[in-house]
There are 2 protein chains.
Amino acid sequence: MKKLLLDNQLCFPLYALSRQVTALYRPLLERLELTYPQYLVMLLLWETDNRFVGEIGDRLLLDSGTLTPLLKRLEQKQLVTRKRNPADERQVTIQLTEAGQALKNQAVDIPTQLQEGLNLDDKQIINLRIQLVTLLNQLTKTDTVN
Amino acid sequence: MKKLLLDNQLCFPLYALSRQVTALYRPLLERLELTYPQYLVMLLLWETDNRFVGEIGDRLLLDSGTLTPLLKRLEQKQLVTRKRNPADERQVTIQLTEAGQALKNQAVDIPTQLQEGLNLDDKQIINLRIQLVTLLNQLTKTDTVN
DNA sequence: TACAATTAGATTGTGCACAATATACTAACT
DNA sequence: AGTTAGTATATTGTGCACAATCTAATTGTA
């Protein structure tokens, strides 16, 4: 097999599919005025509020150079607040505002709507997800199950 | 299943894994002084040289807003040339320079090196790639219908 | 207590992605 | 020929990603 061919590498389908799936989210997220990475942060906060920046970064595998400006934009939209932790002033707690919590109601339908766009049944999606998560865990060596 | 949980969405593992795999390429590509998207363009040109910007974009699913500056950086590095097509001045032909062609020799080992970093055997990789390519084709096919 | 080492987050700079728009060119039609 | 529509690429602006560096706060150790 000629390994230098684009079609024979794992990397390209992964990279291209990731962008295509993000593009599927775009029209759905536009209504909430969220970008895709912002949506991921909100998903995390809807699960468990009041997280430190570092916790969000650990979970999403993003560093402060990405998260700090992103969180400032969410703060500008009045979806979250950013407060230094009095017990340790190095840490910044991110907390949902009322508007941020309320936005969850507008987001609940997104996973179902997206799945329709994918044209795959549950079984296929779960199977693919398991493979992706397995490989992801292998690379990060961290089992991030709640 | 609670669909709004991060772990239950297809999107996040796909997005995170794509970034992690790109990160695996980074140290390998650093030696060639290429970024990952630049590497993808070079892969295409090593397969078939003298492509129009539009052809590259069709293949990588990238638009001119991404490709134009990227190709200019490759031109600055003297890896490619950019020339307007005399037969149709709207088109720009991208051609490898000698240095650009020669770089292929330094790149041939990258797929093998990457695979070692992934710690997966051939069968697993091929299986995952087939699923990704299948889904990718489904999505891009429905795009062209629109 | 002093102070080096560590930690959390912010800042800076480069390079994608992509929407929206602009520009130059070509083709098609009257 | 002149107008109009369509096409290919370029430009502009916003928002990630991520490396490198900085600052301030905390911890470890003598």
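Letters go in sequence order (proteins before strands), and every chain restarts at 1.
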Over how many whole Å does the gap from B:Leu67 atom CG to D:dT9 atom P extend? 10 Å

When rounded to whole Å, the CG to C1' distance for the pair A:Leu62 and D:dA19 reads 14 Å

Along DNA chain C, 5' to 3', what are the outermost nucleotides having an atom less than 4.0 Å from a heavy atom of chain A? C:dT7 to C:dA19

Does a distance-only test, which skips hydrogens and angles, find a donor-acceptor pair under 3.5 Å between the side chain of B:Ser64 and the base of D:dA10? yes

In whole Å, what is the span from the CD atom of B:Glu89 to the C1' atom of D:dA10? 15 Å

Phosphate OP1/OP2 of D:dA10 contacted by B:Arg82 side-chain N/O (<4.0 Å): yes

Between A:Arg19 and A:Lys72, which residue's closest nucleotide on DNA chain C lies nearer the 5′ terminus? A:Lys72

So do B:Val41 and B:Leu67 actually touch side chain to side chain, heavy atoms under 4.5 Å? yes

Please classify the nucleic acid contact of A:Gly54 as base, sugar-phosphate, or nothing, using heavy-atom distances under 4.0 Å. sugar-phosphate

Would you mind classifying the nucleic acid contact of A:Tyr36 as base, sugar-phosphate or nothing, using non-hydrogen atoms under 4.0 angstrom? nothing

Over all strands shown, is A:Asp63 touching base, sugar-phosphate only, or nothing at heavy-atom distances under 4.0 angstrom? base

Can you name the nearest heavy-atom pair linking B:Arg59 to B:Arg51, along with the distance? NH1-NH2, 4.5 Å

Are A:Leu139 and B:Val21 close enough, and set up right, to give a side chain to side chain contact (heavy atoms under 4.5 Å, CB included), and what steps lead you there? CA-CA 8 Å; A:Leu139 290 184; B:Val21 170; 4.2 Å; yes

By nearest heavy atom, map B:Gly65 and B:Tyr15 onto DNA chain D; which one lands nearer the 5' end? B:Gly65

Taking all non-hydrogen atoms of both residues into account, name the closest pair between A:Arg19 and B:Leu61 and its distance. NH1-O, 2.9 Å

In B:Asn127, B:Leu132, B:Ile126, the residue satisfying side-chain contact (heavy atoms from CB on, under 4.5 Å) with B:Arg129 is B:Ile126

Angle between ring planes, B:Tyr39 versus B:Trp46, binned at 30° and 60°: parallel, tilted or perpendicular? perpendicular

Between B:Asn85 and A:Arg26, whichever has its closest DNA chain C nucleotide further toward 5' is A:Arg26

Could you walk me through whether A:Ile94 and A:Arg82 pass the side chain to side chain contact (heavy atoms under 4.5 Å, CB included) check? CA-CA 5 Å; A:Ile94 307 299; A:Arg82 300 165 64 251; 3.6 Å; yes

Please determine whether any donor N or O and acceptor N or O are separated by less than 3.5 Å between the side chain of B:Arg90 and the base of D:dT9. no

Using a 4.0 Å heavy-atom cut-off across all strands, classify B:Thr35 as base, sugar-phosphate, or nothing. sugar-phosphate

